[in-house]
Amino acid sequence: MADLTSENLAAARAPLQTAKSMPAGFYTSDEIFAAEREHVLLKHWFFAGREDELPDPGDYRALETPGGPALLIRADDGKLGAFANVCRHRGSILLEGAGNCRRIVCPYHAWSYFSDGRLYGCPDMEDAEGFDRVENGLIPIRMETWAGFVFLNYNDDAPSLLEHLGDFPQRMASHRLEEIRCTWKIRLESVCNWKLLLENAMETYHTGTVHRDSVGAQISRTLDTQGQWLCLQVISARSIATLPGITPAFPTIEGLDDDARQGTYFTVVHPTCQFAVAQDCMWWLNVLPLAADRSVLEVGGCFPEAMVSKPDFAAKAAAYYDRWEMVAREDIGILERQQSALGSVLYRPGPLSGRDDLVQQLGLWVLNQLPNL
Ligand code: FES
Ligand SMILES: [Fe+2]
């Protein structure tokens with residue numbers, strides 16, 4: 001935390017032309033990470049997946065979250081639920097991975113739960129005085145969805161998801177994201193701070209160097225946003241969801257508005273979710289912060305349902321998956337080097353470029369949630 005001085009923080013907050021990058025402690029300090037967990041990660045909405053990943057009653061998926069293990073499960077009545085993935089007896093993890101089950105059975109002493117979270121069976125509990133089944137169902141997590149995107153929140157006092165998203169739904173309206181399907185996902189571990197992954201997504205300054213062998217240099221513009229999100233648009237009349245030499249195999253989504261036709265929206269929905277929305281598809285890069293210098297990046301891809309149901313879909317989509325994975329790995333490569341260098345005792349906050357405008361805004365958004373900084 002040594003370099004989180006008022007002087008360095010004032011320089012980070014200065015107008016962009018004279019601003020400096022963040023002090024190293026912002027990315028390396030365990031104390032800052034603990035404060036972020038309390039004041040950012042457990043206070044705001046975070047992305048948990050697509051509704052269409054769990055189409056049938058009993059479909060479930062275990063997930064890691066800032067508040068611990070959680071699970072999404074679709075109940076018999078078709079409603080999706082989110083719960084702590086924690087047994088009410090003595091706290092075992094209940095489900096791992098993804099699958100379908102009629103009842104959730106604890107692997108420790110075999111308590112079992114309905115898919116809507118109510119306690120079903122609890123052997124040998126006759127002696128427990130005042131034991132009440134109704135009070136011992138799974139603990140729900142606040143969940144809201146927009147256009148099939150599922151978000152969770154550990155803060156009951158947080159504004160609604162729609163309030164959080166501000167004009168994001170309006171900006172994306174012509175993409176009709178409620179009609180897309182998730183078809184692909186990978187999980188990448190990275191030895192870097194979670195904010196480096198998000199800052200990287202909010203500038204195209206690095207693309208000509210880090211991505212010289214893949215997407216190459218890009219031009220972009222920063223768009224105004226209302227609500228808790230940031231947006232830049234990479235200008236390109238063709239979708240950039242495939243590599244430059246490979247013509248996108250899917251058509252432009254019908255009815256896209258003029259703005260959306262101009263390029264791909266790269267967005268960060270604060271605090272940890274990135275949605276990239278192109279003319280023919282969308283993909284997400286969702287960050288799970290694990291420690292000051294460790295994060296998981298989940299990359300997921302979605303296409304309009306009408307495309308997914310075609311027989312040649314899988315063959316055509318492969319080029320998109322290749323591009324998403326290649327670029328994500330290139331980014332992680334450079335960010336892990338940045339993380340190492342931030343550990344240098346000789347690191348000093350550096351000057352920012354005009355192309356770092358959203359990098360600065362992103363850092364300040366987080367900084368301003370932390371008390372006393
Ligand atoms: S911890 Fe689950 S039944 Fe005991
Ligand atoms: Fe990148």
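Heads up: numbering here begins at 1 and tracks the sequence. Everything quoted here is computed from the prediction, not taken from an experiment. Side chains included, hydrogens not; waters and symmetry mates left out as well; all remaining heavy atoms used. Atoms within each ligand, like the ligands themselves, are counted from 1 in listed order.
- When hydrogens are left out, the protein atom nearest atom 1 (S) of ligand 1 is Arg90 N, 3.3 Å; that is the closest non-hydrogen contact.
- Of all N, O or S atoms in His89, the one lying closest to atom 4 (Fe) of ligand 1 is ND1.
- Restricting His109 to its N, O or S atoms, the one at the least distance from atom 4 (Fe) of ligand 1 is ND1.
- Panel note: side chain Ser190, backbone Ser295; a donor-acceptor pair is recorded below 3.5 Å.
- Tyr120 and Ile104 fall into different hydrophobic clusters, where Ile, Leu, Val, Met, Phe, Trp and Tyr residues are linked whenever their side-chain heavy atoms come under 4.5 Å apart, directly or through other members.
- Using modelled atom types, one finds no donor on one side chain facing an acceptor on the other under 3.5 Å when comparing Thr252 with Asp280.
- Taking the centre and axis of the six-membered ring of Phe149, the NZ or CZ atom of Arg50 falls inside the cone set by 45° and 6.0 Å.
- Distances below 4.0 Å separate heavy atoms of Ser92 from the following atoms of ligand 1: 1 (S).
- Gln360 places no side-chain N or O within 3.5 Å of a backbone atom of Leu352 that could act as its donor or acceptor partner.
- At a cut-off of 2.8 Å, Cys87 is not counted among the residues with an N, O or S atom near atom 4 (Fe) of ligand 1.
- Because its NZ or CZ atom is both nearer than 6.0 Å to the ring centre of Phe114 and within 45° of the ring axis, Arg118 counts as a cation-pi partner of that residue.
- Annotation: Phe275 is in aromatic contact with Phe47 [ring centroid separation under 6.0 Å].
- For the Fe ion (ligand 2), the set of protein N/O/S atoms nearer than 2.8 Å consists of His206 NE2, His211 NE2, Asp331 OD1, Asp331 OD2, ordered by chain and number.
- Remark: the backbone N or O of Ile32 is not paired with any side-chain donor or acceptor of Arg37 at under 3.5 angstrom.
- Side-chain atoms of Thr145 never come within 3.5 Å of backbone atoms of Val150 as a donor-acceptor pair (strictly under, hydrogens ignored).
- For residue Cys106, no N/O/S atom approaches atom 4 (Fe) of ligand 1 to within less than 2.8 Å.
- Which parts of ligand 1 touch Trp111 is read off a 4.0 Å heavy-atom cut-off, strictly below it: atoms 3 (S).
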